[in-house]
Amino acid sequence: MRLILLGPPGAGKGTQALRLVAKYGIVQLSTGDMLRSAVKAGTPIGRQAQEIMARGALVPDNVVVGIVAQRIEQLDARKGFILDGFPRTVPQAAALDRILAQRGLALDAVIELRVDEAALIKRIESRIAEMKARGEALREDDNPEVLHNRLTAYRQQTAPLVAYYREQGVLRTVNGMAPIPEVTAAIDKALPSEPSGRPAREVGGLKKNEQPSA
Ligand code: ADP
């Protein structure tokens with residue numbers, strides 16, 4: 001199963017990704033997490049990304065595309081993956097299409113978590129307040145001004161992916177404002193019952209003498 005979770009910050013992508021990981025035995029690939037590790041480790045990419053992330057802007061396409069291309073190659077991603085936070089721009093989506101096509105792979109679905117922006121802001125603000133109350137460390141980009149920038153970046157650069165994937169026929173939209181278990185149920189219903197699980201080039205039948213790959 002190869003999936004993308006699409007939705008603005010705070011839409012609940014991480015929560016739903018964890019469930020899908022458990023259900024399908026696939027890995028969650030979050031570019032936000034990967035970039036935060038790079039920042040923490042002080043790698044060249046991390047040093048480049050730090051300031052960009054802190055103001056809620058997007059890291060350059062070539063940087064994140066490079067990270068994802070490498071990550072998808074790793075053994076644990078063979079069975080499938082959920083991309084969370086990637087792609088975030090149309091050029092990233094086009095690059096992903098090329099990366100998958102080169103490997104004879106295809107996406108099973110792109111799940112859009114649709115949310116109301118005003119409610120979203122409230123949701124994130126209360127999440128921040130709860131974390132503060134528990135004395136937990138906040139992310140550097142978890143503050144109202146940066147949140148505003150992250151939402152603007154989503155609206156301007158990421159929202160066009162909804163039409164992009166609708167045209168490809170893989171978009172499934174669910175209501176992200178529903179309670180968590182209901183969102184989960186809606187995602188389950190939206191997913192193909194038989195994930196392709198095999199390279200796209202095999203769809204339509206194998207050629208003579210061709211062995212199905214494991
Ligand atoms: P959010 O909670 O806003 O969905 P993420 O954890 O996915 O946040 O990402 C945090 C930050 O990392 C983004 O604001 C952006 O600066 C950077 N980032 C993550 N993924 C990408 C991407 N695919 N393209 C560009 N920048 C990214």
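Read the numbers this way: they start at 1 and go in the same order the structure lists the ligands and their atoms.
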Report task. Report the part of Val59 (side chain from C-beta onward, or backbone N, CA, C, O) that has a heavy atom under 4.0 Å from ligand 1; answer both or neither where that applies. Result -> both
Query - Residue and atom name of the nearest protein heavy atom (relative to atom 11 (C) of ligand 1), distance in Å to one decimal - result: Met53 CE, 3.8 Å
Query raised in the report: Quick one: does Pro9 get an N or O within less than 3.5 Å of an N or O on ligand 1?
Result: no
Query - Nearest neighbour in protein (non-hydrogen) for atom 16 (O) of ligand 1 - result: Ala57 O, 2.5 Å
Query raised in the report: Would you find more than 12 non-hydrogen atoms of other residues, nucleotides or ligands less than 6.0 Å from Gln70 atom CD?
Result: no
Query - Atoms of ligand 1, numbered as shown, that sit under 4.0 Å from any heavy atom of Arg150 - result: 1 (P), 2 (O), 3 (O), 14 (O)
**Report entry** Sub-3.5 Å N/O-N/O distance, Asp84 and ligand 1
**Finding:** no
Query - Protein contact to atom 22 (C) of ligand 1 [nearest heavy atom, distance to 0.1 Å] - result: Arg88 CD, 3.5 Å
Query raised in the report: Charged N to carboxylate O under 4.0 angstrom, Asp33 versus Lys40?
Result: no
Query raised in the report: What do you reckon, does Gln92 have a nitrogen or oxygen under 3.5 Å from a nitrogen or oxygen of ligand 1?
Result: yes
Query - Salt bridge Lys132-Asp142, side-chain N to carboxylate O under 4.0 Å - result: no
Query raised in the report: Mind checking whether Pro87 has an N or O less than 3.5 Å away from an N or O of ligand 1?
Result: no
**Report entry** Over 12 non-hydrogen atoms of neighbours within 6.0 angstrom of CD in Glu51
**Finding:** yes
Report task. Show the numbers, then the answer: is there a salt bridge (charged side-chain N to carboxylate O under 4.0 Å, His left out) between Glu112 and Arg166? Result -> CA-CA 10 Å; Glu112 180 203 2; Arg166 186 179 291 128; 5.1 Å; no
Requested in this report: Write out the residue and atom name of the closest protein heavy atom to atom 20 (N) of ligand 1, then the distance separating them to 0.1 Å.
Outcome: Thr31 OG1, 2.8 Å
Query raised in the report: Which bit of Leu58 is near ligand 1, meaning a heavy atom under 4.0 Å away: side chain, backbone, both or neither?
Result: both
Query raised in the report: Got a salt bridge between Asp188 and Lys23, using NZ or NE/NH1/NH2 to carboxylate O under 4.0 Å?
Result: yes
Query raised in the report: Are Leu35 and Val64 close enough that some pair of their side-chain heavy atoms sits under 4.5 Å apart?
Result: yes
Query raised in the report: Is the shortest side-chain N to carboxylate O distance from Glu145 to Arg55 below 4.0 Å?
Result: no
Report task. Could you establish whether Lys13 and ligand 1 come within less than 4.0 Å of each other, counting only heavy atoms on the residue side? Result -> yes
Requested in this report: State, with a plain yes or no, whether a side-chain heavy atom of Ile187 is found less than 4.5 Å away from one of Leu113.
Outcome: yes
Report task. Flag Asp33 as yes when one of its N or O atoms lies below 3.5 Å from any N or O atom of ligand 1, and as no otherwise. Result -> no
Requested in this report: Measure Arg55 to ligand 1 on non-hydrogen atoms and call it side chain, backbone, both or neither using the 4.0 Å cut-off.
Outcome: neither
Query raised in the report: Does an N or O anywhere in Arg36 fall below 3.5 Å from an N or O of ligand 1?
Result: yes
Query raised in the report: Taking atom types as modelled, is there a side-chain donor on Gln168 or Asp97 under 3.5 Å from an acceptor on the other?
Result: yes
Report task. List the closest protein heavy-atom neighbour of atom 17 (C) of ligand 1: residue, atom name, distance to the nearest 0.1 Å. Result -> Leu35 CD1, 3.6 Å
